[in-house]
**Student:** 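Got a structure for you, written out below as structure tokens; questions coming shortly.
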Amino acid sequence: MTHRSSSSEPASAADFSRELAALATERERFLREGTLADVFAVAYFHLTKRISELPLRYPEVTAAQIRGFYAAYTQRESLAHWRPYLELAGTRRLKRSTDPGALLQALLERAMIPHILYDLPPALRATRPEMLSWEALAPDFFALDPLFDRAAHATLLDFDHATRRLGALRSTHREALEQGRLHIKSEVF
């Protein structure tokens, strides 16, 4: 693996096109069928596809991190820290006449928190080249921060599209997601 030392080089989308294709499939299934087990893939897709826009100092390292992080995601059904997400999502789908805002927020949190706390550290350790310090890699890592807002906006648009298409109520959907309410009522399911 070569490591560039000049800055402002975009990460190549081709470096993780396989991961993007798989996430796109899960996202499309959510948009088409409202499958709650695919909720996290919607947000993950929107974040991952934007990484190639960034000028990075070490794009190959970032691409390796993305692949390693995604590899843990593909193993989610066998990992205990993913159980709360998988149990909440189950085989459920968005339904007519329900307001899924709080449920979608809870699903995202139950996926993001363990993915970041448990899956990210091993992926970072496994992909850090020995000749590069954590300090050298930090600017590329933190360059991802602005992408979260843009990905969140695109995710909300997808949630709105799916709820509208599937006939679910939308009155408090955006509000629940933006405010982070976690009150999950039985009628939401």
**Student:** If we ignore hydrogens and angles and just use 3.5 Å, is the side chain of Thr163 paired with the main-chain N or O of Asp160 as donor and acceptor?
**Tutor:** yes
**Student:** If you take all heavy atoms of Thr155 and Ala43, which pair is closest and at what distance?
**Tutor:**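 Heavy atoms only, the tightest pair is OG1-CA, 3.3 Å.
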**Student:** Could you list the residues that satisfy salt bridge (charged side-chain N to carboxylate O under 4.0 Å, His left out) with Asp140, not counting sequence neighbours?
**Tutor:** none
**Student:** Indicate the atoms forming the closest heavy-atom contact of Thr74 with Ala71, along with that distance.
**Tutor:** OG1-O, 2.6 Å
**Student:** Could you measure the distance from the CG atom of Leu156 to the CG atom of Leu104? Nearest 0.5 Å is fine.
**Tutor:**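 One finds 9.5 Å between CG of Leu156 and CG of Leu104.
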**Student:** Please tell me whether Leu117 and Leu120 are part of a single hydrophobic cluster in this structure, the criterion being side-chain heavy atoms less than 4.5 Å apart.
**Tutor:** no
**Student:** Locate the shortest heavy-atom distance separating Phe30 from Val39; write the atom from each residue and the value.
**Tutor:**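 Closest approach of Phe30 to Val39: CE1-CG2, 3.7 Å.
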**Student:** Which residues satisfy the salt bridge (charged side-chain N to carboxylate O under 4.0 Å, His left out) test with Arg83, sequence neighbours excluded?
**Tutor:**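 Arg83: no salt bridge (charged side-chain N to carboxylate O under 4.0 Å, His left out) contacts found.
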**Student:** Mind checking whether Ile113 and Tyr70 sit in one hydrophobic cluster, side chains of I, L, V, M, F, W, Y counted as touching below 4.5 Å?
**Tutor:** no
**Student:** Quick check: do Phe40 and Trp82 have side-chain heavy atoms less than 4.5 Å from each other?
**Tutor:**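 A side-chain contact under 4.5 Å exists here.
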**Student:** Where do His46 and Val42 land on the side-chain contact (heavy atoms from CB on, under 4.5 Å) test, with the steps shown first?
**Tutor:** CA-CA 6 Å; His46 285 297; Val42 174; 4.0 Å; yes
**Student:** Is a donor on one side and an acceptor on the other found under 3.5 Å between the side chain of Tyr85 and the backbone of Ala37?
**Tutor:** yes
**Student:** Rounded at 0.5 Å granularity, tell me how far CZ in Arg128 sits from CZ in Phe141.
**Tutor:**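 Result: 14.0 Å between the selected atoms.
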**Student:** Roughly how far apart are Arg92 CZ and Thr35 OG1, rounded to 0.5 Å?
**Tutor:**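 Those atoms lie 13.0 Å apart.
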**Student:** Once rounded to the nearest 0.5 Å, what's the spacing between atom CG of Leu36 and atom CG of Leu107?
**Tutor:** 6.0 Å
**Student:** Please test Thr127 against Thr62 for side-chain contact (heavy atoms from CB on, under 4.5 Å), starting from the C-alpha separation and ending with a verdict.
**Tutor:** CA-CA 9 Å; Thr127 58; Thr62 299; over 6 Å; no
**Student:** Are His81 and Asp119 packed together at the side-chain level, in the sense that at least one heavy-atom pair is separated by less than 4.5 angstrom?
**Tutor:**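 A side-chain contact exists here, since the closest heavy-atom pair is under 4.5 Å.
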**Student:** Over all heavy atoms of both residues, which pair between Ala106 and Leu88 is shortest? Give the atoms and the distance, please.
**Tutor:** CB-CD2, 4.0 Å
**Student:** With a 4.5 Å limit on heavy-atom distance, are the side chains of Tyr118 and Leu79 in contact?
**Tutor:**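 Result no, sub-4.5 Å side-chain heavy-atom pair not found.
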**Student:** Tell me, do Trp134 and Leu124 make a side-chain contact under 4.5 Å, heavy atoms counted?
**Tutor:** yes
**Student:** For Ala41, which residues count as a side-chain contact (heavy atoms from CB on, under 4.5 Å) partner, sequence neighbours excluded?
**Tutor:**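 Applying side-chain contact (heavy atoms from CB on, under 4.5 Å) to Ala41 gives Leu23, Glu26, Tyr73.
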**Student:** Looking at side-chain heavy atoms only, is the closest gap between Arg27 and Lys49 below 4.5 Å?
**Tutor:**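 Sidechains of Lys49 and Arg27: no contact.
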**Student:** Kindly compute the distance separating CG (Leu20) from CZ (Arg50), expressed to the nearest 0.5 Å.
**Tutor:** 11.0 Å
**Student:** So His115 and Tyr44, side chain to side chain donor-acceptor pair (under 3.5 Å) or not? Walk me through it.
**Tutor:** CA-CA 11 Å; His115 194 43; Tyr44 206 171; 3.2 Å; yes
**Student:** Could you report the tightest heavy-atom contact between Asp38 and Arg29, atom names first, then the distance?
**Tutor:** OD2-NE, 2.5 Å
**Student:** To the nearest 0.5 Å, what is the distance between CG on Leu56 and CD1 on Ile51?
**Tutor:** 8.5 Å
**Student:** Could you report the tightest heavy-atom contact between Ala123 and Phe69, atom names first, then the distance?
**Tutor:** CB-N, 3.6 Å
**Student:** Would you say Leu157 and His161 make side-chain contact, with heavy atoms under 4.5 Å?
**Tutor:**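 No, side chains not in contact.
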